[in-house]
Amino acid sequence: MDARRLGRTTRLVALAVVGGVTCLVLVPVAINAATGGSALPVLGPHARWLWPALVALSALTACLAAWDRLRALLLRRRPAHPANRRAALDRVERFVRARVDGSLAEQLRLKLGVVPRVGPRLPARLRHPLVVLGEPGAGKTTSLLELAEALLARAALDPVRPIPVVVDLAGWRRDDDFGVWLLDVLARRYRIAPRVGRAWLRERNLVLLFDGLDELAPADRVECLAWITALNVPQVVLCTASDEHEHLPRRTVVRVEPLSRTVVQELIAACAPRLDGLHDELEKNPDLWDELRTPLAFGLLALAYRAGRAEYRGVLDTYLVESAARGAVRPERTVRALRFLARIARRKHDLLARSRLPARHVWLDFVGPEVVWRLFRRTAPGALAGAATASCFVAGVRLGLVAAGVVAVAAVLVPRSSFRVTRGDPSRGNLWAATGFAAGAVVTGGVAALGALLGAQVARSPAAVGYGVVVVVALLVGYGVTRDRYWAVVCALVPAGVMVVTGPSPELLSGLGVGLGSGAVVGAFIGGLREVWRGVRVGPVTGLRWLPAAGAVGVGLAALAGAGVRPAEWGAVTGLLVGLAVTPIVDRPWHPVAELLARPLALDELPLRRKAVLASARDRVLLVDEHRFPHDLVRDHLAGCDAAELAATVERRRGELRPSGSGPTA
């Protein structure tokens, strides 16, 4: 047993002993003594040491339990400590191994038993920056990962050798300080603290393996290379398909050559008979040789042909159609979801197919006009109608039909809430309208009922408390609406004058609670809708003038529930009007509300059962490595495809693969 394992075992034994004595012996004795009992007779004269011993052993138990975390925190501040190097090597190795295991080349090896050649082996001794040059899909990233594995093996055996780290340049932005960004990447990906990373860069203890330069704009590439040169680190490897590397003052260039026909024929022969269809296609279509120049192209076509004959329609389209046609999820759902996720990944400059939506500004302009029409011309009006109905129903049951009628009439003052959009299919919007109505009714009705309950509880307090609550709320609401102190005082005098006659009655305070709750919900909802609407860049039009009709439905339901006209309801009406006046105050851009309301817009592209779609795509190797696109070429092709046309092709191909079809079976 080495010293580290022995020390850890000793600490665990000590923690068990000290913690057991503290929790099972000292704590019960101390509780007994603190509650009036006597200490154990066996303690004798040592009873006075009970509390100091409890404090000391408790502190010792806490220190032993937090030892590893405290030790790691202290070690992070010592760049030269060997533990930092060991931890960094372990994390880099796990990252590189995960990338290799999830790569398209590894998937090809698992399914076909071969891996296309990816070019020359990169040198492990780096005296000057090394540039790996090759066209997209030539295998530059695979070569980079192979070099990282070789450098990791050397660094594990020799503590003097630098640690390799793989960094994706696609995440860098021109406005970012490159040094700060690089340290942040090392901290997030490998948990190398900025202080340690800065020291290791200064002492040249890192080999920087940069990938994804082609993901940057041409002007950004030149500036990025200038930043890399300014680091003054000789152990740099850079993968690129462009000529911007000429800006590096001193460099070594390694070119990854395209696949030759001989290599392709050898690979096809090694996979016989699974790729016989590809061999036949090459004989019928000699122009296909021009596309099989890279390991990526060969791998995509090989995956498409692995289950039998395939219809060739270009490398990327053949791969997408054949893989999606053999999946379990509906083709249109798969294609639309993958296109949506590919667009998000392209905008985020990465290859990740996200199962959770990012902020709405990343994806909101990807949604189609049909779903926008359903949300803003069906769901939103339905939700407001549900809110009006529920508010009037709660007001009628709690306060009487006159108060409910006042709420129905006040619904005409709801701010602009209808939007100009291209008209869609009305039959497809009924479910959305019903869903919006139910959601608006439940949320607004629940909040209004809670407000009424709280108002009734305040009414049970001393009269001075009720007076103070109503006056302060009216003053704040009046100032929020008018932004004028004198008008705010006037607004506060109205309910104060009413309370001179009625007092802070339960009806007035309940009405205030109902009004505040309903007004706050409606105002926040409309403010969130407007914030979402700015993202789809279409202007609003006039408000909904038929909301009082929805309120009348709520009044009728309240009458059916037994509500009647109560005498002297003007206290309740006053409270309702003061509370409802909060609506224009709350009607402002609420980013959390806007994010919540924007989510339904993505459902046409990314369904609720999105994990099942992603799992099916991963099973068909449309995604690799924990839901990543195989290459940026695949991602960009998906992002720009016609989803309806591609889905129709996939559906037709799936029909041919069924036993009842006229074509070959899968």
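Quick note: numbers below take in every heavy atom, side chains included, and nothing from hydrogens, waters or symmetry partners. Being a predicted model, the structure only gives us computed values, none of them experimental.
- For the atom pair CG (Leu638) and CG (Leu316), the distance works out to 8.5 Å, reported to the nearest 0.5 Å.
- Atom-to-atom distance recorded for Glu322:CD and Asp317:CG is 11.0 Å, nearest 0.5 angstrom.
- Taking every heavy atom of both residues into account, Ala524 and Val586 meet most closely at N-CG1, 3.5 Å.
- The backbone N or O of Ala387 lies less than 3.5 Å from a partner atom in the side chain of Ser391, making a donor-acceptor pair.
- With rounding to the nearest 0.5 Å, the separation of CG in Asp350 from CZ in Arg346 is 12.5 Å.
- For the pair Arg189 and Asp168, the salt-bridge criterion is met [side-chain N within less than 4.0 Å of a carboxylate O].
- At a threshold of 4.5 Å between non-hydrogen side-chain atoms, the residues Arg174 and Glu223 count as touching.
- Within 6.0 Å of atom CZ in Arg485, 12 or fewer heavy atoms from other residues, nucleotides or ligands are found, so the atom counts as exposed in its surroundings.
- With rounding to the nearest 0.5 Å, the separation of NE2 in His637 from OH in Tyr319 is 11.0 Å.
- The shortest heavy-atom contact between Leu401 and Ala558 is CD2-CB, 4.2 Å.
- Rounding to the nearest 0.5 Å places CZ of Arg374 at 9.5 Å from CG of Leu601.
- For the pairing with Val473, the side chain to side chain contact (heavy atoms under 4.5 Å, CB included) check across Val470, Val469, Leu476 returns one residue only, Val469.
- Between the side chain of Arg191 and the backbone N or O of Arg188, no donor-acceptor pair lies under 3.5 Å.
- Side-chain atoms of Ser518 and Val407, non-hydrogen and from C-beta on, never get closer than 4.5 Å to each other.
- Here the side chain of Arg347 pairs a donor or acceptor atom with the backbone of Val362 at under 3.5 angstrom.
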- Task: Just do the side-chain contact (heavy atoms from CB on, under 4.5 Å) check on Leu341 and Leu623 with the steps written out, would you?
- Result: CA-CA 11 Å; Leu341 294 174; Leu623 299 175; 5.8 Å; no

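- In this structure, CD1 on Ile526 lies 5.5 Å from CG on Leu384, to the nearest 0.5 angstrom.
- Between the Arg628 side chain and the Leu352 main chain, no donor and acceptor come within less than 3.5 Å of each other.
- The side-chain heavy atoms of Val624 and Val621, taken from C-beta on, include a pair separated by under 4.5 Å.
- Proximity of Ile585 to Val481: side-chain heavy atoms (C-beta onward) are separated by under 4.5 Å at one or more points.
- The shortest heavy-atom contact between Pro358 and Arg599 is O-NH2, 3.7 Å.
- Between Asp176 and Arg173, none of the side-chain N atoms (NZ, or NE/NH1/NH2) sits under 4.0 Å from a carboxylate O, so this pair counts as no salt bridge.
- Put simply, the side chain of Val532 reaches to within 4.5 Å of the side chain of Phe376, judged on heavy atoms.
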- Item | side-chain contact (heavy atoms from CB on, under 4.5 Å) assessment of Val471 paired with Leu493 | CA-CA 8 Å; Val471 171; Leu493 289 176; over 6 Å; no

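- Between Phe366 and Trp363, the distance separating the two ring centers is not shorter than 6.0 angstrom.
- Residues Asp625 and Ala98 come closest through the heavy atom pair OD1-O, 3.4 Å.
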- Task: Start with the C-alpha distance between Arg313 and Thr649, add both sets of side-chain angles, then the distance that settles side-chain contact (heavy atoms from CB on, under 4.5 Å), and finish with yes or no.
- Result: CA-CA 11 Å; Arg313 49 177 61 82; Thr649 305; 3.9 Å; yes

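- Between Ala345 and Phe629, the shortest heavy-atom contact is CB-CE1, 4.1 Å.
- Distance alone, capped at 3.5 Å, is enough to place a donor-acceptor pair between the Thr583 side chain and the Leu580 backbone.
- You'll find the side chain of Leu169 reaches within 4.5 Å of the side chain of Phe178, heavy atoms only.
- Residues Tyr486 and Thr482 have side chains not in contact (no heavy-atom distance under 4.5 Å, counting atoms from C-beta outward).
- Classification of Glu215 and Arg635 as a salt-bridged pair holds, one side-chain N sitting under 4.0 Å from a carboxylate O.
- The one candidate from Leu357, Leu338, Ile344 that meets the side chain to side chain contact (heavy atoms under 4.5 Å, CB included) condition with Leu606 is Leu357.
- Between the side chain of Arg654 and the backbone N or O of Ala325 there is at least one donor-acceptor pair closer than 3.5 Å.
- Shortest non-hydrogen contact noted between Trp181 and Gly171 is NE1-O, 3.4 Å.
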- In sequence, state the C-alpha distance, the side-chain angles, and the governing distance for Arg530 and Phe525, and then conclude on side-chain contact (heavy atoms from CB on, under 4.5 Å). CA-CA 9 Å; Arg530 287 180 173 174; Phe525 178 73; over 6 Å; no

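- Residues Lys348 and Arg354 have side chains in contact (heavy-atom distance under 4.5 Å, counting atoms from C-beta outward).
- No donor-acceptor pair closer than 3.5 Å links the side chain of Asp604 to the backbone N or O of Val371.
- Of the possible donor and acceptor atoms, one in the side chain of Tyr467 sits under 3.5 Å from a partner among the backbone N and O of Met499.
- Residues Arg360 and Glu531 are paired through a salt bridge, judged by an N-O separation under 4.0 Å between the basic side chain and the carboxylate.
- When atom types are taken as modelled, the side chain of Ser355 and the backbone of Lys611 share no donor-acceptor pair closer than 3.5 angstrom.
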